[in-house]
Amino acid sequence: MYQYDEYDHALVLERVAQFRDQIERRLNGELSEEEFLPLRLQNGLYLQKHAYMLRVAIPYGTLSSVQMRTLAHIARHYDRDYGHFTTRQNIQFNWIELEQVGDILERLAEVEMHAIQTSGNCVRNITTEAFAGVAADELLDPRPLAEILRQWSTVNPEFLYLPRKFKIAICSAEQDRAAIMMHDIGLYLYRDAAGELLLRVMVGGGLGRTPILGQQVREALPWRHLLSYIEAILRVFNRHGRRDNKYKARIKILVKALGVEAFAREVEEEWQHIKDGPAELTEAEYRRVAAFFAPPAYEALSDTDLDYGSALAGDAEFARWAAHNLQAHKVPGYAAVVLSTKPGPAMPPGDVTAAQMEGIAELAERYGFGEIRIAHEQNLVLPDVRKADLHAVWQRARELGLATPNIGLLTDIIACPGGDYCSLANAKSIPIAQAIQARFEDLDHLHDLGELSLNISGCMNACAHHHIGNIGILGVDKNGSEWYQVTIGGAQGKASALGKVIGPAFGAEQIPEVIERLVDTFLAYREGDEPFVDTVQRIGLEPFKERVYRQQEASA
Amino acid sequence: MNNLIKLGTGGAHLVADDPWNWVREPLEPLPDGPLLLPLALWRQRQSEDVLAGRADSRDGLWLAPDDEPEELAPWLAGLPLIALEFPSFRDGRAYSQAYLLRTRLGWQGELRSVGDVLRDQLSHMRQCGFDAFAVREDKSAADALKGLQGISVLYGRSVLEPRPLFRRRIGADEEEC
Ligand code: HEM
Ligand code: SF4
């Protein structure tokens, strides 16, 4: 893991002091709410329905056990005993008092964490996939470049008041588990035949009101030019992005207005001025940062473990969990474990209690190298578990309520906080998620359905990525009451696609039934073991619509 | 303009007797004294010699956020003052304009921020090359002075410090060419 040196420490501590002073000036009336707003957002502080919410960055989703314990401490002492892990590798605390924010940030700084730029119209937390550094299908660990980008974008004075927020994601595996096409900048890291480290740069992705997938502006950018190239993109955006309408201010709108070729030309022209300057990365810096991400001291193990094998054979429940909640590891004899934060109706997706956090911290120390990851599906990952330890990990995870064997399945729902917390919401998300989870509690049925992603956003800001869920649910407002629009056919990863609306919106109480009918249609038309999204692609929307709405009318 | 902070060799100081008049709209008649004019009006008032870059101008130039700094290139040597506007402190275009003027176009003279200029953004402005700050009228410039320093660590780079931290970190230059 990256470790702070005196510069990193100084920056974070000075920032805490600065924000403390700003909070004080807000409290004594020197700063108006309007003046304070962007300052607090750039420090991760939102005002929600009932209280302040603090969003803490977990850069590129990597967390130590020590840091996790600090999050547990914050949940326990400053919040109501839990935190919410988000789709952007952050954690949100929902019940925060303004007067305590300085103390919380100071606690975080002690363990090399912060909330800087987790919100606001600036470059946000740099994200990557949860399995960075360990995935079997990974080409390169993207985290050194992510850390370099994190530093470069933190309090970068020219780019703190962009037209709109700016999200960058980087990935380097066969499968894109970082949703890079949905980001303002998506970076794909690879090597050419000669072994040189290169980047493919995608710009203008984003969901929200105008869902668009990113488009390629540059192929084969040598890694040394990463910072200057991004600087060029940001300068073009800062100068020319729209500022007259908040809903048209993301870079995707600029790229669309100019056309991707013209946009790429502007960037290229700007880049020519700066590309060989001091922003060019050095081998020394890459090596300095990469050293922090060097592989831990893995044991030389055989890839097949006898105890693991017999546990699988002897314990069907364990075998079921192992079939769904593990990810293949680069190193023989190890696996990455996904801890599900979606136990069903008992707990909203992404919510983790202080006691669970402490349990996870301990698991990571005992059966790993004290490291934890955050997946953008809102689950947690133990990246380095020996196969021989999997059974013990499973048992402990089960006690902690984190072993629901549903990763990638229908009940592994991605949901935003919605109307229960968020003041922008049209409708609630959490009760919808819980109602669906209750309907699909039968594990055998769930597993028969195979891979199926379901995302619920409480409004068109799309915090839960509903457009790219195989099934997407969007809260809409109809004359002041809460309705839900349903899309199908969305997908993430390299085969990203935006879902299509099946028809008129539904009331909350109808949703579990609607999902069931979608699933029944799928089962009726499914060929072999094909996943839901393939069936939708093959047969189109009509059969689904027909079944959902015909029965709808019949029952009305 | 009053309520002004300037950076000088002796550090930052308050200026109470600044002579410049910021003319936002073409007024008739124009006020007395040195004028800070929008680009179109500035052009109108200059002699051919000034426009051809052969003579100095008496008028300062106020660049609106959507004006292109590159257009000023022919006249830069003869300008007494350039002001960049923050129509709202949340509008960050002037930071990039300042970068371009200082770093790419080589502007050495006074670069003044005008408009919604507030304490909590002054350090960013300073990093981007502003050396004069016309603090919003209803705010205390003396108080705003406290915002000039900002955070001492700069990870990336800026007009004041063109080398990113990775070139300045202790030991970073060991194997640099
Ligand atoms: C509860 C407080 C929250 C508020 C007020 C909020 C607000 C917003 C707004 C206004 C947008 C749209 C911005 C735009 O399109 O320009 C947005 C986008 C987004 N939010 Fe949130 N959000 C909140 C919580 C969350 C949570 C809990 C998550 C993760 C589960 C999240 C993840 C995202 C993501 C990933 C996007 C980007 C979607 C895109 O690509 O356009 N947000 N949020
Ligand atoms: S999608 Fe809408 S309701 Fe949900 S968290 Fe985002 S802004 Fe709030």
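- Contacts of A:L31 with chain B are made by side-chain atoms alone, with heavy-atom separations under 4.5 Å and no backbone atom involved.
- Contacts between residues 32-57 of chain B and chain A, defined by a heavy-atom separation under 4.5 Å, are made by no residue at all.
- Contact of A:L281 with chain B is made through backbone and side chain together, with heavy-atom distances under 4.5 Å.
- Heavy-atom distances place the side chain of B:Y99, and not its backbone, under 4.5 Å from chain A.
- Formation of a donor-acceptor pair under 3.5 Å by the A:N156 side chain with backbone atoms of A:W152 is found in this model.
- Scanning residues 114-123 of chain A against chain B with a 4.5 Å non-hydrogen threshold yields no residues.
- Interface residues of residues 36-44 of chain A toward chain B, defined by a heavy-atom distance below 4.5 Å and sorted by number: A:L37, A:P38, A:L39.
- Residue contact with chain B, scored on non-hydrogen atoms closer than 4.5 Å, involves the side chain of A:Q18 exclusively.
- Proximity to chain B involves both the backbone and the side chain of A:E30, based on heavy atoms less than 4.5 angstrom apart.
- Interface check for chain B: of the options A:R25, A:Q22, A:R288, A:H240, the most heavy-atom pairs under 4.5 Å are formed by A:R25.
- Of the listed residues (A:H273, A:E231, A:E6, A:R15), the one with the most heavy-atom contacts under 4.5 Å to chain B is A:H273.
- Chain A is approached within less than 4.5 Å, heavy atom to heavy atom, by no residue from residues 4-24 of chain B.
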